[in-house]
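Below is one structure, written out as structure tokens; comments come after it.
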Amino acid sequence: MAHGLIKMDDFAQVIFQNAVIKEQLAQKLYLSMAQKAKSEKIKRLFTKLAEEEILHEKLLSKFDISIVKKVNQGFIKDLNLIKESKEEL
């Protein structure tokens with residue numbers, strides 16, 4: 001592997017980890033908004049949104065890169081992100 005390059009699986013794992021962090025931040029934002037809301041309807045709305053973010057976080061944290069790759073093989077190949085070696089041609 002060339003200096004400074006990471007494997008695609010490692011890159012995908014970083015993307016999922018960042019997505020989990022974004023879900024956690026969104027959850028905190030929605031809970032903060034719920035606490036500040038004056039209307040009970042708005043409080044319930046933001047609380048519900050926070051609950052949805054918890055579900056998203058749980059789903060994303062359970063992603064297995066090998067399964068994602070198998071399910072999306074055709075799509076990933078169509079992206080043409082990786083050049084095939086001469087042996088594969």
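We use all heavy atoms of the structure for the numbers below, so side chains are in, but hydrogens, waters and symmetry mates are not.
How far CG of L55 is from CG of L60: 11.0 Å, rounded to the nearest 0.5 Å. If you take CG on L49 and CD1 on I54, they are separated by 11.5 Å, rounding to the nearest 0.5 Å.
Within the structure, the side-chain hydrogen bond (donor to acceptor under 3.5 Å, both in side chains) test picks out the following pairs touching residues 20-31 (sequence neighbours left out): E23-H56, Q24-E57. Screening residues 31-45 for side-chain hydrogen bond (donor to acceptor under 3.5 Å, both in side chains), with sequence neighbours left out, gives no hits.
Contact detail for S61 and V20: the closest heavy-atom pair is N-CG2, 3.7 Å.
Under the 4.5 Å side-chain heavy-atom criterion for Ile, Leu, Val, Met, Phe, Trp and Tyr, L29 and L31 are members of distinct hydrophobic clusters.
Taking the salt bridge (charged side-chain N to carboxylate O under 4.0 Å, His left out) definition, one finds that E51 meets it with nothing, sequence neighbours left out.
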